[in-house]
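In what follows, residues are counted from 1 in the order of the sequence shown. All values derive from a computational prediction rather than experimental measurement. Quick note: numbers below take in every heavy atom, side chains included, and nothing from hydrogens, waters or symmetry partners.
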Amino acid sequence: MAAAIFLLGILQIVGGVFVAFAAKSAMHEILGAVSFGLGVVSAALGIIIAKIDDYVTELINCRSSSRSDCPSVMDERHALRQCAGPLRAK
């Protein structure tokens, strides 16, 4: 899902650039600028969704392993220290 949103954001950026450069009126320039801006927001949203998915996957893997030092749901700081360590190494 994140890849699809990111790809649609990139397509919207490219479309906005084409519309802005081929504009024959101010309305088309505005349309191109808005399309470019919303494409940037969509691409960033795709990246954020991918990062959250990676974090949740790593947290689930930590919990499903037989490690005794996996954090509880209530101890969020401990969860970040124990399970987010491999994510920072990427």
For [X] and [Y], which heavy atoms make the closest approach, and how far apart are they?
X	Y	answer
A50	A2	N-CB, 3.7 Å
S42	G9	CB-CA, 3.7 Å
I10	A43	CD1-CB, 4.4 Å
Q12	S35	O-OG, 3.2 Å

Please go through L31's hydrophobic cluster and name the other residues, only I, L, V, M, F, W, Y counting, with side-chain heavy atoms under 4.5 Å joining them.
V19
State yes or no: do [X] and [Y] share one hydrophobic cluster built from I, L, V, M, F, W and Y residues joined by side-chain heavy-atom distances below 4.5 Å, directly or via other members?
X	Y	result
I47	V40	yes
I30	F21	no
L45	M1	yes
V14	L38	no

